[in-house]
4 protein chains.
Amino acid sequence: MPSSWGKIFKVSTFGESHGEAVGVVVEGVPAGIPIRLEEIQKDLNRRRPGQSNLTTPRDESDTVRVLSGVFEGKTIGSPIALIVNNQNTISKDYENLRETFRPSHADYTYQTKYGFRAHVGGGRSSVRETIARVAAGAIARMILEDDLGIKTVAWVDTIGTISSEIAEINYPKTREEVDVNEVRCPDSRAADKMRSLILEMKEAGDSVGGIIRSASYNLPPGLGDPVYDKLDGDIAKAILSIPACKGFEVGSGFSGTLLTGSTHNDEFYVEEGSGRVRTRTNNSGGLQGGISNGETLVVRAAFKPTSTIFKKQNTVNIEGKETTLEAKGRHDPCVLPRAVPIVEAAINLVLVDAYLYQRAMNPQWFQKWAKIPDYYRDLKL
Amino acid sequence: MPSSWGKIFKVSTFGESHGEAVGVVVEGVPAGIPIRLEEIQKDLNRRRPGQSNLTTPRDESDTVRVLSGVFEGKTIGSPIALIVNNQNTISKDYENLRETFRPSHADYTYQTKYGFRAHVGGGRSSVRETIARVAAGAIARMILEDDLGIKTVAWVDTIGTISSEIAEINYPKTREEVDVNEVRCPDSRAADKMRSLILEMKEAGDSVGGIIRSASYNLPPGLGDPVYDKLDGDIAKAILSIPACKGFEVGSGFSGTLLTGSTHNDEFYVEEGSGRVRTRTNNSGGLQGGISNGETLVVRAAFKPTSTIFKKQNTVNIEGKETTLEAKGRHDPCVLPRAVPIVEAAINLVLVDAYLYQRAMNPQWFQKWAKIPDYYRDLKL
Amino acid sequence: MPSSWGKIFKVSTFGESHGEAVGVVVEGVPAGIPIRLEEIQKDLNRRRPGQSNLTTPRDESDTVRVLSGVFEGKTIGSPIALIVNNQNTISKDYENLRETFRPSHADYTYQTKYGFRAHVGGGRSSVRETIARVAAGAIARMILEDDLGIKTVAWVDTIGTISSEIAEINYPKTREEVDVNEVRCPDSRAADKMRSLILEMKEAGDSVGGIIRSASYNLPPGLGDPVYDKLDGDIAKAILSIPACKGFEVGSGFSGTLLTGSTHNDEFYVEEGSGRVRTRTNNSGGLQGGISNGETLVVRAAFKPTSTIFKKQNTVNIEGKETTLEAKGRHDPCVLPRAVPIVEAAINLVLVDAYLYQRAMNPQWFQKWAKIPDYYRDLKL
Amino acid sequence: MPSSWGKIFKVSTFGESHGEAVGVVVEGVPAGIPIRLEEIQKDLNRRRPGQSNLTTPRDESDTVRVLSGVFEGKTIGSPIALIVNNQNTISKDYENLRETFRPSHADYTYQTKYGFRAHVGGGRSSVRETIARVAAGAIARMILEDDLGIKTVAWVDTIGTISSEIAEINYPKTREEVDVNEVRCPDSRAADKMRSLILEMKEAGDSVGGIIRSASYNLPPGLGDPVYDKLDGDIAKAILSIPACKGFEVGSGFSGTLLTGSTHNDEFYVEEGSGRVRTRTNNSGGLQGGISNGETLVVRAAFKPTSTIFKKQNTVNIEGKETTLEAKGRHDPCVLPRAVPIVEAAINLVLVDAYLYQRAMNPQWFQKWAKIPDYYRDLKL
């Protein structure tokens with residue numbers, strides 16, 4: 001089962017929902033970077049279960065540990081292994097799933113593919129795998145912030161039929177602006193309605209989906225590759241590989257198909273003062289030809305309603321017989337609030353890899369666009 | 001510039017719009033497969049420019065040649081190199097672009113990334129690169145059809161604000177059903193309107209976008225991987241790396257976020273007669289947990305209006321000065337009809353790679369789901 | 001720092017000598033395989049320090065734990081993470097190395113490459129990294145034995161100027177035949193002399209090198225790839241990446257250059273009884289064109305004398321000043337006996353990857369050459 | 001059949017001996033580099049057949065053409081495709097090989113692996129594939145010379161039992177010093193004897209092998225990676241994947257096993273004047289822990305006697321019956337002189353990839369060790 005990605009900043013994840021631990025190995029991290037473990041933990045706290053009454057009651061601290069790659073507080077260039085032990089696992093909740101496939105889950109497909117599976121907690125297909133991405137994504141984030149000043153902020157754009165209303169100029173600039181409520185929607189009026197809807201669904205044993213929007217600020221022009229490793233393609237894959245994601249847009253996305261070229265094109269101009277090349281509109285979403293153009297990178301991701309519901313459903317079992325299922329266990333009525341940091345991590349992992357690749361290709365570009373953090377002054381080459 | 005992909009069926013493309021040739025090297029093709037060159041050519045003809053008055057007048061035969069990997073008509077396991085020479089290139093049409101960046105094209109971003117570019121015809125960022133994908137995709141298609149009976153058929157779903165109306169049960173089953181008109185929309189009433197809109201845009205020197213839908217039939221359950229190389233993630237990347245693509249959906253996609261879990265979940269049942277496990281609905285779009293479940297794989301891709309228009313636009317030049325641009329050259333007022341075979345190729349390339357990987361992982365699965373084509377009987381191991 | 005390899009059976013290692021743990025993540029392991037943890041441990045015991053008075057006194061149990069990928073005793077297709085905690089670390093022994101580079105070690109080169117390093121115990125360049133390879137190699141070995149009956153047995157061929165004398169027909173067939181003495185040389189007369197030499201060196205605070213030979217039995221013809229991923233090339237890389245290895249040979253190796261084509265060529269014949277195609281001689285060492293030919297795969301690897309010695313040496317420090325060094329710490333006077341299982345693991349990792357790739361390419365080959373282990377009967381596809 | 005390698009400077013080769021062409025696609029080449037096509041051709045001329053009466057009479061000009069990646073004489077960052085058409089092919093010479101396997105060639109192993117092969121000229125297993133490596137290697141060489149001043153020079157060290165005698169201090173510094181005779185051995189007395197031996201073998205219809213030695217000058221410290229992608233491991237693989245290669249050594253290699261640690265270790269000192277850290281001896285061969293230490297990189301490669309001889313040999317055919325074979329066709333009695341540029345290319349391809357990876361990891365290292373060629377001044381980022 002391929003579980004690794006990246007050309008240079010290579011991420012390899014492991015772990016099942018109810019195994020001993022989930023974790024990640026990251027290779028291709030430059031040496032000399034102070035690893036602020038509390039920042040990794042903070043990101044993990046934003047995705048951990050049990051953080052509010054909108055989420056699953058499976059309450060885990062998800063405490064991260066560093067097994068390798070860091071010496072006296074700084075990276076040494078070698079692979080960084082991070083793990084989080086699984087603690088609050090109640091495997092007996094899943095005994096009825098040994099034989100029965102949950103609708104719209106990966107149970108049936110996993111079984112037909114491999115012929116054998118860990119039926120507890122979704123096994124490897126569980127959203128717990130994203131712990132590994134968030135942990136690795138935190139390291140990516142530090143590098144992007146320190147070297148380029150890039151910040152990626154995601155938030156809940158819609159829940160079910162409830163949409164937020166935030167003009168691009170008012171997009172949140174920090175994660176703190178997003179975390180003002182437990183829904184993670186900075187439009188507080190919409191957030192209230194979303195909160196009610198989620199609780200209503202929870203009450204009903206049902207679930208609801210929605211859309212996450214993300215903005216990445218301060219990308220220099222020149223990140224991403226023109227053909228297959230386009231930033232938008234790589235981000236699409238990174239996000240669609242998050243459980244429950246069914247759709248992706250960059251910039252104008254699907255709605256852009258309703259415009260004509262003359263209304264959709266983003267005309268260039270020269271910004272007064274800075275002299276920087278800018279575009280008047282941002283239908284491109286910050287990317288042209290798969291490469292960043294210096295505008296804000298804007299993407300959206302659609303998440304389906306959580307598959308686990310507490311209503312009786314028709315299904316089949318491992319013997320190929322029809323049966324019914326009533327879910328037990330602990331589940332999110334809506335994955336969106338917890339998916340916000342996962343989406344950010346997915347984007348940061350793509351961006352850092354594109355950045356390191358670009359450093360290999362074009363040192364002049366590095367000199368023009370990157371700040372060299374002070375801590376590199378300690379290096380003794 | 002990374003230009004290769006695939007774990008086993010590895011595709012590596014090369015070539016610029018106005019260079020000597022575009023081509024592709026495919027490694028990881030099993031030995032003993034008869035290569036029907038006319039089928040590769042047929043796929044290329046569906047994407048070639050000049051095929052109708054809806055497309056660019058750049059008229060190229062795009063004749064494919066095999067340089068390696070085929071001996072006495074059959075594959076020998078070694079890399080297959082396919083090339084198409086560029087013929088109808090008029091570089092002088094682009095002289096004004098040596099210094100000036102076209103809005104919403106890759107000109108500016110390419111220049112800031114590399115510091116040097118081929119300004120003629122979009123260079124490497126040209127849609128001509130997709131010739132390579134279509135050629136490689138044709139080989140993928142043959143393997144998928146011969147071994148598994150898989151057929152992927154894409155068509156134009158919308159153009160601008162004009163939508164087709166085709167229920168899932170009536171989705172076209174063959175490319176012939178799609179090619180009944182030059183728009184490649186099997187809903188002939190919608191196709192007429194689309195055709196008029198495209199011609200109107202062409203007349204006005206403007207352009208229009210739209211959405212392509214694709215259905216892949218006869219996927220056995222078990223293709224794709226549960227974590228990062230999910231089929232939908234890989235297909236999203238493959239499609240978003242096609243020029244002008246801005247959005248991707250699988251199954252219910254963005255509209256699925258409006259449903260609740262109880263209405264969105266696809267309940268399983270056992271099909272009478274065949275005894276096969278099926279789902280009553282297909283909001284999953286044929287994939288659960290990134291792995292095929294045996295239902296039709298349905299995806300949609302949004303393409304923005306062509307960036308090249310014949311109206312005067314504000315832009316900047318390579319010296320960072322504001323200027324205006326009036327396009328010359330030959331361009332499609334709408335890329336959708338020609339993008340249909342490109343989308344199919346993108347999907348087939350992902351599917352064949354997932355299939356070969358699955359053969360490595362699980363020979364029992366192969367015995368259960370694959371037909372061994374007769375031509376393999378000639379092998380002398 | 002790239003630390004992963006393999007096309008399908010992908011191995012990713014992590015960990016420093018004096019960090020919290022060393023470990024490995026293996027992806028691409030088929031589902032349904034019983035993981036006999038005691039066999040992994042047995043392999044690790046053969047490489048662990050402190051196993052005899054010929055090795056370093058750093059005494060570690062090197063107990064392996066499984067963090068993921070195994071459920072109810074069997075693989076589930078997901079990445080298998082194995083770790084071994086570091087226990088008997090004495091970092092103060094290395095304080096003098098914070099500033100000073102040990103001759104012929106990786107201290108100086110690591111520092112110039114990264115600008116920062118873990119000076120304790122060699123950090124990432126320590127031979128402790130090979131724990132990860134031996135653990136992963138044990139899984140590889142199980143698959144090769146169960147499916148193909150392949151057995152790889154390595155042993156000490158020479159130590160310093162002392163050579164063993166074992167004709168190809170008498171090569172040891174099992175690891176037990178090798179482990180008859182602590183030198184791991186099945187020629188007991190030579191082993192006695194080797195033992196004396198190693199102890200003499202230990203006494204003198206000096207060190208000694210030697211050559212390991214390995215034989216792999218029962219390879220079916222057809223493993224390996226003809227161009228770049230030749231079995232011998234891949235094995236050469238796998239072995240040369242073991243610390244202290246300076247040379248590699250397959251088959252006749254360097255001595256084959258002294259022969260003529262007519263004396264060196266391995267003529268084919270048909271074996272009576274079995275009807276199998278065989279060669280009369282085996283100068284090819286079991287490979288022709290990088291692909292196994294069904295004969296025993298024979299390779300040799302040269303290991304230099306251990307760089308750490310207890311004599312005073314001239315060297316330089318991190319400030320670029322000349323200085324002298326007297327080693328402290330605990331070190332092997334000769335790495336060969338402990339390198340035997342590492343060489344075996346390196347070969348098994350290459351073979352299993354070639355095998356899985358061949359399964360993807362040619363299912364008919366699989367049907368002809370592989371036994372399907374009984375435990376796969378439990379799979380429910 | 002995997003035929004690509006490299007992490008950043010990725011090389012993908014294609015082509016069979018008697019197909020239409022052999023070629024290579026190189027991705028990961030920085031933009032703005034002037035491609036001196038005549039230098040690529042010059043390297044190809046050094047490996048082409050028919051260059052002297054010591055080589056095969058198959059006389060090919062091996063003229064290289066650029067299909068992509070170069071615009072107005074300079075690289076644009078996109079994949080560079082280079083091809084050489086096959087011309088002087090006489091397929092009928094091989095008709096007897098359709099059914100019969102040549103001893104010690106890849107015929108039998110290729111057939112058992114794939115079940116189908118191009119029997120003419122060795123097909124994909126032919127040494128003609130190395131045209132692709134030499135062409136790509138020439139681009140690698142330009143980058144290494146321009147940025148770092150690295151020069152790799154290989155020569156014939158032994159032929160059969162005849163050895164050259166050249167102290168390390170007298171190693172040839174340029175390819176011109178090697179090309180003083182057609183044997184490519186700069187020790188002219190030995191070269192004369194080697195020449196006679198090769199002609200004697202040619203006369204007798206027999207063949208002979210030998211050893212190539214290579215020295216790479218001016219490597220800065222810090223190239224290569226400490227664990228799996230060690231420079232020596234990567235070079236070993238690159239060289240062992242050249243047809244007929246059976247052994248590899250770096251530095252003291254096999255003979256180093258005869259020394260003790262105290263005589264083998266390379267003590268460091270500070271060079272007067274330059275202040276550079278140097279070693280007094282070079283048993284390490286320029287690498288410590290897989291990373292360059294600033295000394296000359298020295299490797300040796302053993303090539304077996306050419307398998308094709310003109311004496312009658314016993315063998316088997318595709319039906320598994322014993323038979324005899326008398327070779328026809330045109331063949332080298334000794335591959336060594338033509339293998340010299342292939343070995344150089346193999347090393348340069350490894351070095352350039354390590355260099356680009358190091359640029360990604362450590363921009364400070366780049367600033368310290370690399371010269372930025374003037375031609376990059378033309379870049380307009």
Side-chain angles (χ1 to χ4, degrees), chain B residues 6-10 25 27-33 68-69 75-79 143 146-148 220-229 276-277 289-291 294 352-381, chain C residues 6-10 25 27-33 68-69 75-79 143 146-148 220-229 276-277 289-291 294 352-381:
Chain B
K7 290 185 290 288
I8 292 178
F9 194 91
K10 270 197 182 170
V25 180
E27 66 177 52
V29 183
I33 303 173
S68 70
T75 59
I76 52 171
S78 66
I143 295 171
D146 293 353
D147 286 20
L148 300 169
L223 288 181
D225 281 286
V227 176
Y228 201 74
D229 292 358
R276 281 183 54 208
V277 172
I291 305 168
V352 81
D353 197 42
Y355 167 52
L356 294 178
Y357 191 88
Q358 176 68 356
R359 294 212 313 205
M361 277 302 104
N362 196 334
Q364 285 95 327
W365 180 94
F366 173 80
Q367 287 176 2
K368 178 162 183 181
W369 294 105
K371 298 166 293 187
I372 302 181
D374 283 345
Y375 47 71
Y376 284 133
R377 303 276 140 75
D378 298 339
L379 293 181
K380 285 206 171 173
L381 294 152
Chain C
K7 291 184 290 288
I8 293 179
F9 194 92
K10 270 196 182 172
V25 180
E27 66 177 52
V29 183
I33 302 173
S68 69
T75 59
I76 53 171
S78 65
I143 295 171
D146 293 354
D147 286 20
L148 301 170
L223 288 181
D225 280 287
V227 175
Y228 201 74
D229 292 358
R276 282 182 55 208
V277 172
I291 305 168
V352 81
D353 197 43
Y355 167 52
L356 294 178
Y357 191 88
Q358 175 69 354
R359 294 212 312 206
M361 277 302 104
N362 196 335
Q364 285 95 327
W365 180 94
F366 173 79
Q367 288 176 2
K368 179 162 182 180
W369 294 105
K371 298 167 291 187
I372 303 181
D374 282 346
Y375 47 71
Y376 283 134
R377 303 277 140 75
D378 298 340
L379 294 181
K380 284 206 171 173
L381 294 153

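Protein chains get the first letters and strands the later ones, always in sequence-line order, with residue 1 at the start of each. Keep in mind that this is a model prediction, so the values were computed, not measured.
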Partners meeting salt bridge (Lys or Arg N to Asp or Glu O under 4.0 Å) with Asp229(B) (sequence neighbours left out):
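Asp229(B): salt bridge (Lys or Arg N to Asp or Glu O under 4.0 Å) contacts with Lys237(A), Lys7(B).
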Listed by number, the residues in residues 359-366 of chain B that come under 4.5 Å of chain C (heavy atom to heavy atom) are Arg359(B), Ala360(B), Met361(B), Asn362(B), Pro363(B), Gln364(B), Trp365(B), Phe366(B)
Okay, Gln367(B) and chain C: the region with an atom under 4.5 Å from a heavy atom over there is side chain
Contact list (residues 371-381 of chain C to chain B, heavy-atom gap under 4.5 Å, by number) returns Ile372(C), Tyr376(C), Leu379(C), Leu381(C)
Report task. Return the set of residues passing ring pair (Phe, Tyr, Trp, His ring centres under 6.0 Å) with Tyr228(B) (not counting sequence neighbours), or none when no residue passes. Result ->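 Listed in chain order: Trp5(A).
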Bottom line for Val227(C): the part with an atom under 4.5 Å from chain B's heavy atoms is neither
